[in-house]
**Q** 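Quick one: the structure is below, and I'll ask about it shortly.
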Amino acid sequence: MLSTLKTLTSSGKAGKSDTGGPGALRQDALASLVVFLVALPLCVGVAVASGVPAELGLITGIVGGLAVGALPGSTFQVSGPAAGLTVLVFEAVKEFGLGALGAIVLATGVLQLALGALRFGRWFRAISVAVVQGMLAGIGLVLVLGQLYTMTGARQPGSGLAKITGLPGLAMDAVTDRGRLTACAVGAGTIAVLVLWKKLPGKARLVPAPLVAVTLATTVTAVAGLDIARVEVKGLADAIQPPGLNDLTSLGSVAVLGTVLAFTLIASAESLFSAAAVDRMHQGPRTHYDKELLAQGVGNTLCGFLGALPMTAVIVRSAANVQAGARTSLSRVLHGLWLLIFAVALPAAIGVIPLAALAGVLVHAGCKLVPVRELPPLWRGHRGEALVLAATAIAIVTTSMFEGVVLGLLLAVVKTAWEVSHVHVETRELTGGRVVVTITGHATFLRLPRLLETLEALPQNRPVELDLSAVRHLDHACRTALEGWAERHNTEGTEAVRVRHPELA
């Protein structure tokens with residue numbers, strides 16, 4: 001996703017927003033069709049990868065267009081189900097059941113509304129970029145690992161480690177089992193189309209790559225009569241399952257509340273980071289972050305009432321909207337309308353799509369979430385940030401999404417505290433044998449071992465003066481430790497240690 005953001009934001013900015021005339025209306029209608037074609041396979045694919053009915057992904061896309069698209073916040077940003085929440089949704093459904101998903105998404109929306117009303121939108125931009133990058137990288141790795149099993153028609157193991165250790169057996173089964181080899185070939189072909197499509201001339205690339213890849217895979221599967229798993233379809237009305245009373249009461253569980261917090265953090269951060277990227281792509285109105293957070297809250301509240309997937313702003317659809325020449329927010333509203341018409345009029349068309357093809361689309365999307373190209377320069381220039389990124393991603397793969405993000409945030413705070421607590425110790429001797437130790441910077445408990453090692457190495461039979469007048473911050477741990485050292489350092493008969501500092505005078 002990070003490389004995608006760089007490519008999109010550097011590819012040129014769209015013109016200013018134009019709200020008047022039939023030309024703007026025609027341009028918005030055309031842009032909405034492009035966004036619809038991009039969103040359709042992704043809505044279905046994200047739902048299937050999340051372990052829920054395909055229709056729930058379409059419902060979230062419809063709400064993201066018709067409801068969120070009509071609200072203020074960002075003019076061109078498009079919302080819907082995103083690959084970034086796939087892993088967390090899958091874990092939530094597996095642990096709490098499909099019925100609880102609606103309650104969790106509903107609570108997420110209400111919490112986003114509260115945060116937006118309290119004007120917390122702008123503060124989400126203060127989240128460490130390394131944590132967000134690590135979060136997306138971890139999501140991408142888990143998504144790729146899980147969809148490799150789906151792409152070969154196998155059942156996914158429960159944990160990230162089990163998915164990794166099961167890869168050799170999966171490869172062996174794919175080679176020896178004809179049915180799995182066929183499914184794997186369909187998925188691999190889908191990925192090949194996605195990779196090669198961007199190398200074609202510009203006019204050919206006007207048709208979205210995911211739509212082309214899924215259409216080709218579906219056509220080949222049907223023509224060749226391949227016996228592989230396809231998407232199961234029940235119908236839009238049957239898929240809507242509002243949360244019941246038991247589902248709502250489950251929100252009192254600590255585990256469920258932790259999932260709600262994870263949904264809120266990830267969905268809000270991804271939406272607002274996406275908004276910042278989209279703003280760099282056009283010359284129109286800038287995003288109002290608090291209003292955008294409120295709009296996302298409304299969307300997730302509605303999705304929760306309908307028992308659908310959670311939503312975020314999605315950079316790929318948003319970029320397609322801008323690059324297709326959208327002039328106003330009408331384009332994203334219309335894309336939701338096209339999704340609704342398709343889901344109502346042509347639901348059977350979804351049922352012919354091979355699962356392996358959708359898995360291939362998500363494997364490709366998951367790979368783009370891992371910032372492979374950005375890691376070497378990040379390691380050379382900001383090694384601490386690279387370590388936070390890697391630790392967050394590894395923790396997500398080996399434990400869970402929530403635990404990985406919490407670990408990443410804690411590491412980011414510790415890294416920042418360590419970097420700002422710079423302290424310099426200078427020792428010099430004066431005439432008469434007095435030793436002066438000057439400390440400058442931020443004296444915190446993080447630097448206390450080094451300080452005490454330096455001070456305890458000083459001679460105990462000579463006068464010592466500790467100059468702390470240039471210390472900009474002295475925390476309680478350092479103050480207590482320095483007072484204790486000054487009291488016991490010099491031997492009996494030697495002048496007591498002098499301390500020069502307003503707080504220790």
Side-chain angles (χ1 to χ4, degrees), residues 36-58 61 83 86 90 143-157 166-200 204-205 207-236 238-239 338-339 341-367:
F36 159 70
L37 294 176
V38 173
L40 178 60
L42 292 177
C43 287
V44 176
V46 169
V48 173
S50 301
V52 303
E55 293 87 348
L56 295 186
L58 290 172
T86 300
F90 184 84
L143 187 60
V144 169
L145 291 171
Q147 292 308 300
L148 286 176
Y149 287 85
T150 303
M151 200 168 72
T152 54
R155 185 174 181 177
Q156 293 187 32
L167 289 178
L170 180 68
M172 184 63 67
D173 291 342
V175 173
T176 57
D177 188 303
R178 184 174 180 179
R180 291 189 177 182
L181 182 61
T182 301
C184 185
V186 171
T190 304
I191 296 173
V193 172
L194 292 169
V195 173
L196 296 174
W197 194 252
K198 62 182 179 182
K199 300 182 183 297
L200 296 179
R205 287 187 281 111
V207 183
L211 180 69
V212 174
V214 172
T215 302
L216 284 175
T218 304
T219 303
V220 170
T221 302
V223 171
L226 301 179
D227 184 19
I228 59 176
R230 289 172 170 78
V231 178
E232 295 182 6
V233 182
K234 297 180 180 178
L236 202 62
D238 294 334
W338 308 144
L339 284 174
I341 293 173
F342 178 87
V344 172
L346 298 170
I350 303 173
V352 300
I353 300 175
L355 285 177
L358 293 177
V361 171
L362 291 171
V363 166
H364 182 259
C367 289

**Q** Show the nearest heavy-atom pair for residues Gln147 and Ala49, with the distance to one decimal.
**A** NE2-CB, 3.3 Å

**Q** How long is the gap from CH2 on Trp197 to CG on Leu216, to the nearest 0.5 Å?
**A** 7.5 Å

**Q** What's the shortest heavy-atom distance between Leu339 and Cys43, and which atoms?
**A** CD1-SG, 4.5 Å

**Q** If every non-hydrogen atom of Ala217 is compared with every non-hydrogen atom of Ala357, which pair is closest and at what distance?
**A** CB-CB, 3.6 Å

**Q** For Ala349, check side chain to side chain contact (heavy atoms under 4.5 Å, CB included) against everything at least two apart and list the hits.
**A** Phe342, Leu346

**Q** Which pair of non-hydrogen atoms, one from Ala356 and one from Ala183, has the smallest distance, and what is that distance?
**A** CB-O, 3.2 Å

**Q** State the CG-CG distance between Leu170 and Asp177, to the nearest 0.5 angstrom.
**A** 11.0 Å

**Q** With a 4.5 Å cut-off on side-chain heavy atoms, are Leu40 and Leu58 touching?
**A** yes

**Q** Tell me, please, which residues at least two apart from Leu42 pass side chain to side chain contact (heavy atoms under 4.5 Å, CB included).
**A** Val38, Arg317, Val361

**Q** Could you list the residues that satisfy side chain to side chain contact (heavy atoms under 4.5 Å, CB included) with Val195, not counting sequence neighbours?
**A** Ile191, His364

**Q** Applying side-chain contact (heavy atoms from CB on, under 4.5 Å), run through Leu167 and Leu145 and close with a yes or a no.
**A** CA-CA 8 Å; Leu167 289 178; Leu145 291 171; 3.8 Å; yes

**Q** What residues form a salt bridge (Lys or Arg N to Asp or Glu O under 4.0 Å) with Arg180, not counting sequence neighbours?
**A** Asp173

**Q** Only pairs at least two apart or in different chains count here, so list each side-chain hydrogen bond (donor to acceptor under 3.5 Å, both in side chains) that has a residue in residues 212-223.
**A** none

**Q** Quick one: side chain to side chain contact (heavy atoms under 4.5 Å, CB included) partners of Val220, sequence neighbours excluded?
**A** none

**Q** If I compare all heavy atoms of Thr150 with all of Leu355, which pair ends up nearest, and what's the gap?
**A** CG2-O, 4.4 Å

**Q** Could you note down all residue pairs passing salt bridge (charged side-chain N to carboxylate O under 4.0 Å, His left out) where residues 191-200 supplies at least one of them, sequence neighbours left out?
**A** none

**Q** What's the shortest heavy-atom distance between Val186 and Pro354, and which atoms?
**A** CG1-CB, 4.4 Å

